[in-house]
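Notes for the one structure printed next.
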Amino acid sequence: MSAIKMDGKALSAKVRSKILEETQSLKAQGIVPGLAVILVGDDPASEIYVRNKEKACTECGFYSEKHVLPASATEQELIALIHTLNESPKINGILCQLPLPAQISEDAVIAAIDPHKDVDAFHPANVGRIMIGDFDFLPCTPAGVMELLDEYQIDPKGKKCVVIGRSNIVGKPMAMLLLHRHGTVTICHSRTIDLPKVCAEADILVAAVGKAGFVTPDMVKEGAVVIDVGINRNAEGKVCGDVAPEVMEKASYMTPVPGGAGPMTITMLMKNTLKAARLQH
Ligand code: NDP
């Protein structure tokens with residue numbers, strides 16, 4: 001058996017064309033969704049992510065602004081820019097590309113973004129709202145995974161769901177969204193004892209570790225749904241996920257890397273920006 005590939009690229013295109021339609025109807029009312037993306041420094045991976053976000057804005061008919069600060073920028077300078085964007089009527093969503101240089105506190109920057117414009121859903125106010133299940137914005141990567149599960153009619157209800165990784169941007173919110181959908185959720189991390197055994201019990205296994213080939217076939221139950229969130233580079237410099245390719249032979253459904261969870265993340269950012277524009281008018 002070889003797993004069905006969960007095509008995040010195709011689903012993204014479908015969702016983006018729906019967003020474009022909705023943008024056009026908003027434009028007829030004089031509303032243009034606007035996203036500001038801030039990049040600090042010249043990290044090549046971050047530059048690619050920012051470029052892809054700008055491209056997605058164009059595809060969805062949004063107004064977008066890119067603000068680039070030097071790697072030497074101070075926290076005060078960055079927060080001053082965020083305050084300006086918080087007040088800008090053209091901007092509905094603000095995204096500050098992470099990671100930031102060491103002299104800038106990510107927590108302080110996230111807290112400075114107006115929660116109504118926090119389209120990454122990283123602000124503590126939005127994180128709290130996700131926890132209690134009363135939210136406007138969902139964090140983009142976990143939200144994209146949920147859309148992929150829905151597209152392939154995979155219902156987490158009652159299923160054993162295992163998330164490897166407990167970061168604030170992926171692991172924790174991923175676990176929360178699966179819980180909202182009635183999954184029985186276990187979160188694993190670097191101190192988990194006998195991690196392969198815990199993973200091998202999962203009906204739905206989400207890997208958000210950041211280590212190429214971390215999930216091997218012995219960690220996967222026959223017929224499990226495997227979601228690979230990882231974006232790594234292998235020894236040849238090729239982009240690859242956290243899940244070893246041989247897992248394809250054991251899983252029932254699996255997301256490829258690239259082309260699975262990655263494109264959905266940016267699409268969910270567009271969805272949040274559209275929603276922010278609606279809510280702000
Ligand atoms: P972090 O480094 O913040 O978190 C990694 C998590 O993996 C931590 O919770 C860590 O545990 C856990 N971990 C690390 N090593 C082990 C191990 N040996 N055994 C068990 N758990 C381990 O990463 P992110 O959550 O930010 O990202 C994870 C991956 O997802 C990365 O590859 C990243 O590039 C990718 N990513 C992809 C996105 C997309 O658009 N598809 C968006 C965001 C991220 P502990 O907490 O104990 O240290």
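Fair warning: this is a prediction, and the values are worked out from it, not measured in the lab. In each ligand, atom 1 is the first atom listed, and ligand 1 is the first ligand listed. Values below: all heavy atoms of this structure, side chains included; hydrogens, waters and symmetry mates excluded.
The pair K90-E65 does not count as a salt bridge, with every side-chain nitrogen at least 4.0 angstrom from each carboxylate oxygen. The residues E59 and R16 are annotated as salt-bridged, a charged nitrogen and a carboxylate oxygen being separated by less than 4.0 angstrom. Here K211 does not pair with D242 in a salt bridge; the nearest charged N to carboxylate O distance is not below 4.0 Å.
Taking atom 47 (O) of ligand 1 as the reference point, the nearest protein heavy-atom neighbour is S190 OG, 2.5 Å. Here the protein heavy atom with the shortest distance to atom 19 (N) of ligand 1 is F214 CZ, 3.4 Å. Annotation: atom 31 (C) of ligand 1 to nearest protein heavy atom, G210 CA, 3.5 Å. When hydrogens are left out, the protein atom nearest atom 34 (O) of ligand 1 is I231 O, 3.4 Å; that is the closest non-hydrogen contact. Of the protein's non-hydrogen atoms, S167 CB, 4.2 Å is the one closest to atom 1 (P) of ligand 1. What sits closest to atom 12 (C) of ligand 1 on the protein, heavy atoms only, is G165 CA, 4.2 Å. At the top of the distance list for atom 42 (C) of ligand 1, counting protein heavy atoms only, stands T141 OG1, 3.2 Å.
In H67, the NE2 atom is crowded: over 12 heavy atoms of neighbouring residues, nucleotides or ligands sit closer than 6.0 Å.
In this structure, a donor-acceptor pair under 3.5 Å is absent between the side chains of Q280 and K117. S105 and D107 are not linked by any side-chain donor-acceptor pair at a separation below 3.5 angstrom, with hydrogens and angles left out of the test. Remark: the N168 side chain and the K172 side chain contain an N/O donor-acceptor pair separated by less than 3.5 Å.
Not close to ligand 1: G171, with no non-hydrogen atom less than 4.0 angstrom away. Using 4.0 Å as the threshold, C188 has no heavy atom nearer than that to any atom of ligand 1.
Closest heavy-atom approach to atom 8 (C) of ligand 1 among the candidates R166, K211, H189: R166. Remark: among candidates V209, I164, V229, the nearest residue to atom 2 (O) of ligand 1 is V209, based on non-hydrogen atoms.
Legend: residues meeting salt bridge (Lys or Arg N to Asp or Glu O under 4.0 Å) with K271, ordered by chain and number and at least two apart, are E147.
At a heavy-atom distance under 4.0 Å, only side-chain atoms of I169, from C-beta outward, approach ligand 1. Within the 4.0 Å heavy-atom criterion, the part of T265 lying near ligand 1 is the side chain and not the backbone.
Within ligand 1, the atoms closer than 4.0 Å to a non-hydrogen atom of A208 are 5 (C), 6 (C), 7 (O), 28 (C), numbered from 1 in the order shown. Short contacts between ligand 1 and N232, defined as distances under 4.0 Å to a heavy atom of the residue, involve ligand atoms 32 (O). Those atoms of ligand 1 that come under 4.0 Å of a heavy atom in L195, given as number and element, are 20 (C). Every atom of ligand 1 with a heavy atom of V170 under 4.0 Å away is listed here by number and element: 25 (O), 43 (C), 44 (C).
Sorted by first and then second residue, the pairs that involve residues 173-187 and meet side chain to side chain donor-acceptor pair (under 3.5 Å), not counting sequence neighbours, are D150-R181.
The distance from atom CD1 of I164 to atom CE of M174, rounded to the nearest 0.5 Å, is 13.0 Å.
Contact record, C188 with L195: CB-CD1, 3.5 Å, taken as the closest heavy-atom pair.
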